[in-house]
Amino acid sequence: MKSVTETSTLSIPTVRSRARAIRSTSLDLDPRSRWRLLTSAGRRRESNASKERTTMTTRTTTLSSQTADHLQRTIDALVDTGIIGLTVRVDDEQGTWVGSAGAVELGGDIKPPVDGHIRIGSNTKTFTATLVLQLVAEDRIALDDPVADHLTQFGLDTRITVRMLLQHTSGLFNFTGEVYDDGSIALGIPMPYGPNGTEWLNNRFKTYRPQELVELALAKPPRFEPGSGWSYSNTNYVLARLLIEQVTGRTVTEEMQRLILTPLGMSHTVVPDDAEIAEPHPHAYYRYDEDGEPRTVDITRQNPSWISAGGDMISTTEDLHTFIAALTGGKLLPDELREEMFTPRATGIPNMDYGLGVFVLTTDDGATVISHNGASVGHAALMYATPDGSKTLTAALNCVDDANLTVAAAFQGVQQRLLNETFGSGPA
């Protein structure tokens with residue numbers, strides 16, 4: 001692969017206009033993360049060859065053929081909006097439906113595997129929050145403990161509590177950068193979106209320590225006083241990871257295995273420590289300019305330590321279903337802590353509030369859905385469930401990403417359509 005040497009062409013006015021557009025969208029993946037905004041995982045169609053190839057596979061247990069056909073037509077249409085490949089899984093009292101459309105790689109004609117591994121981005125936050133709450137259940141920590149009592153090395157504001165980390169109310173600077181309400185910008189770590197996109201690309205195999213990310217954030221002014229507002233910040237969840245490791249004396253990977261993955265039999269979910277992703281998997285891509293010419297590279301292999309517990313995990317649609325169904329169904333947390341997790345706090349985003357590591361959505365029909373979607377540069381995963389876990393929707397997609405967030409509109413369209421079709425009054 002040719003090395004990337006050119007800087008991103010994303011202008012500051014473009015960043016501001018995109019940030020304003022994203023803030024106004026009710027189904028953005030990670031609202032108010034803004035620079036990163038995991039809308040990255042949808043995309044504008046890269047080539048006519050890819051557009052012409054829509055291959056599908058389905059697996060149905062007891063859903064009616066009418067419902068299955070409708071779901072398949074839906075995802076076929078969504079691939080046509082600009083996604084390379086899409087796999088969707090719906091589970092409810094009727095049974096299970098799994099279907100895919102599009103291609104596993106750009107320009108190819110092999111369909112995405114229905115059991116493919118995918119980088120799940122900010123869905124990682126729900127896993128991390130669940131771990132913290134499980135430690136609360138074990139009396140290892142309390143939600144209203146000052147984080148500084150446990151992580152003494154950072155000099156944190158003593159008013160910041162564990163609850164504030166999980167709820168995004170700490171006010172801490174987001175180490176991936178901030179776009180403020182007035183349009184002003186504060187850069188953070190080099191990342192795929194914004195003016196440092198090519199720097200991230202050239203260094204995508206670099207390993208960052210979680211402590212580095214926290215220290216970068218703490219070197220910047222906070223957005224607001226602890227507890228006085230809401231703003232999505234990856235820094236909160238890197239601190240939550242370090243908190244888990246501090247109070248248990250074990251790695252977050254070991255605790256994830258002990259409390260979630262092993263009990264639920266989730267053998268295809270990992271917290272990666274390198275750039276690899278297990279087969280089978282769809283391919284992820286990144287588009288950039290070099291010497292005035294557009295280039296597209298395969299970035300399926302990448303080291304996600306730059307985002308850490310903000311979005312580094314790998315999973316499958318089946319494992320995500322297993323997790324969100326168990327979480328909402330009461331298998332992972334005591335009732336009182338599950339209620340805490342799902343109690344929404346206003347975010348300022350219409351029909352989208354935030355609990356502890358989950359978004360609490362209100363559909364067009366007025367139904368409540370528990371969710372936390374996420375993306376990781378060319379990959380994305382969706383995860384939705386009714387509050388009792390009786391119905392779930394999980395999805396995985398692959399796309400061509402770029403520094404300009406070109407994919408945002410297509411991806412938000414996928415979210416809205418799947419949410420309405422599955423949890424609205426439609427056939428699904």
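Along the sequence shown, residues carry numbers from 1. Fair warning: this is a prediction, and the values are worked out from it, not measured in the lab.
Residues R223 and S231 have side chains that bring a donor and an acceptor to within less than 3.5 angstrom of each other. Of the N and O atoms on the side chains of T269 and S315, at least one donor lies less than 3.5 Å from an acceptor on the other residue. With 3.5 Å as the limit, one finds no donor-acceptor pair spanning the side chains of E199 and N203. Side-chain contact of H168 with N236: a donor-acceptor pair under 3.5 Å is present, judged by distance alone. Side-chain contact of K125 with S122: a donor-acceptor pair under 3.5 Å is present, judged by distance alone. For the residue pair H321 / T392, a side-chain donor-acceptor distance below 3.5 Å is found, with atom types taken as modelled. A donor and an acceptor atom, one from each side chain of N174 and T235, are nowhere located under 3.5 Å apart. For the 3.5 Å distance criterion, the side chains of Y193 and D401 qualify, holding a donor opposite an acceptor. Side chains of D144 and T161: no donor on one and acceptor on the other come within 3.5 Å. In summary, the side chains of T207 and N303 do present a donor paired with an acceptor at a separation below 3.5 Å, with no hydrogens or angles considered. Looking at D312 and S308, their side chains never bring a donor and an acceptor atom within 3.5 Å of each other.
One finds a salt bridge joining R241 and E245 here, because a Lys/Arg side-chain nitrogen approaches an Asp/Glu carboxylate oxygen to under 4.0 Å. Looking at R338 and D388, no side-chain N of the basic residue comes within less than 4.0 Å of a carboxylate O on the acidic one, giving no salt bridge. For the pair R345 and E340, the salt-bridge criterion is not met [side-chain N within less than 4.0 Å of a carboxylate O]. With respect to the salt-bridge test (charged N to carboxylate O, under 4.0 angstrom), the residues E225 and R159 qualify.
For the pair E254 (side chain) and T251 (backbone), a donor-acceptor distance under 3.5 Å is present. A donor-acceptor contact shorter than 3.5 Å is absent between the side chain of S100 and the backbone of P113. Checked by atom type and distance alone, the side chain of T300 pairs as donor or acceptor with a backbone atom of A284 at under 3.5 Å. Between the side chain of T347 and the backbone N or O of M352, at least one donor-acceptor pair lies under 3.5 Å. Looking only at distances, a side-chain donor or acceptor of T124 sits under 3.5 Å from a matching main-chain atom of G121. Between the side chain of T422 and the backbone N or O of L418, at least one donor-acceptor pair lies under 3.5 Å. N420 places no side-chain N or O within donor-acceptor distance of the main-chain N or O of G424, the cut-off being under 3.5 Å. Checking side-chain atoms of Y237 against main-chain N and O of L166 turns up a donor-acceptor pair under 3.5 Å. Looking only at distances, a side-chain donor or acceptor of Y285 sits under 3.5 Å from a matching main-chain atom of L106. Checking side-chain atoms of T386 against main-chain N and O of K391 turns up a donor-acceptor pair under 3.5 Å.
Ring centers of Y286 and W200: under 6.0 Å apart, within the cut-off.
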Verdict with supporting geometry, W306 and V377, side-chain contact (heavy atoms from CB on, under 4.5 Å): CA-CA 12 Å; W306 68 273; V377 203; 4.1 Å; yes
Derivation of the side-chain contact (heavy atoms from CB on, under 4.5 Å) call for V114 and T317: CA-CA 8 Å; V114 296; T317 57; over 6 Å; no
From CA spacing to verdict: side chain to side chain donor-acceptor pair (under 3.5 Å), T406, N404: CA-CA 5 Å; T406 306; N404 294 327; 4.8 Å; no
side-chain contact (heavy atoms from CB on, under 4.5 Å) assessment of Q302 paired with R119: CA-CA 10 Å; Q302 54 176 279; R119 298 186 188 277; 3.7 Å; yes
Working for side-chain contact (heavy atoms from CB on, under 4.5 Å), residues M313 and V270: CA-CA 6 Å; M313 290 178 68; V270 298; over 6 Å; no
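Within the 4.5 Å cutoff, side-chain heavy atoms of V132 are placed close to those of I244. Contact of the T394 side chain with the L382 side chain is not registered, since no non-hydrogen atoms from C-beta on lie closer than 4.5 Å. Put simply, the side chain of L78 reaches to within 4.5 Å of the side chain of R417, judged on heavy atoms. Between E279 and H117 there is no side-chain heavy-atom pair separated by less than 4.5 Å. Using a 4.5 Å heavy-atom threshold, the side chains of L361 and N351 count as separate. Under the 4.5 Å side-chain criterion, counting only non-hydrogen atoms from C-beta, T176 is not in contact with Y232. The shortest side-chain heavy-atom distance between T296 and V400 falls under the 4.5 Å cut-off. Side-chain atoms of Q211 and F154, non-hydrogen and from C-beta on, do get closer than 4.5 Å to each other.
With N196 as the partner, the side chain to side chain contact (heavy atoms under 4.5 Å, CB included) test is satisfied by one option alone out of L187, I189, L201: L187. A side chain to side chain contact (heavy atoms under 4.5 Å, CB included) with M341 is found for one member of T328, L327, V360, L332 and no other, namely L327. Under the side chain to side chain contact (heavy atoms under 4.5 Å, CB included) rule, V162 has a single partner from L135, V147, V136, which is V147.
Taking CG of L156 as the start and CG of L172 as the end, the distance is 6.5 Å to the nearest 0.5 Å. One finds the OG1 atom of T262 at 4.0 Å from the CD atom of Q257 (value rounded to the nearest 0.5 Å). Within the model, atoms CG of D319 and CD1 of I260 stand 11.5 Å from one another, a figure rounded to the nearest 0.5 Å. The CG atom of L243 sits 3.5 Å away from the CD1 atom of I141 when rounded to the nearest 0.5 Å. Note that CG of D402 is 12.5 Å distant from OG1 of T198, once rounded to the nearest 0.5 Å. We find the CD-CD distance between Q412 and Q415 to be 6.5 Å, quoted to the nearest 0.5 Å.
In this structure, F359 and W230 have perpendicular ring planes: the angle between them is above 60°, well past the 30° mark. Aromatic ring pairs are classed by plane angle as parallel below 30°, tilted from 30° to 60° and perpendicular above 60°; the pair H283 and H281 is tilted.
Annotation for L337 and L133: closest pair CD1-O, 3.4 Å, computed over non-hydrogen atoms. Across every non-hydrogen atom of L86 and N398, the tightest pair is N-OD1, 4.5 Å. The minimum heavy-atom distance linking D76 with A101 is given by the pair OD1-CB, 3.3 Å. For L213 against I307, the heavy-atom pair with the smallest separation is CD1-C, 4.5 Å. The two residues F173 and G177 have their closest heavy-atom pair at CZ-CA, 4.1 Å. The two residues L419 and L393 come nearest to each other via the heavy atoms N-CD2, 4.4 Å.
Taking a 6.0 Å sphere around CD of E138, one finds it holds more than 12 heavy atoms contributed by other residues, nucleotides or ligands.
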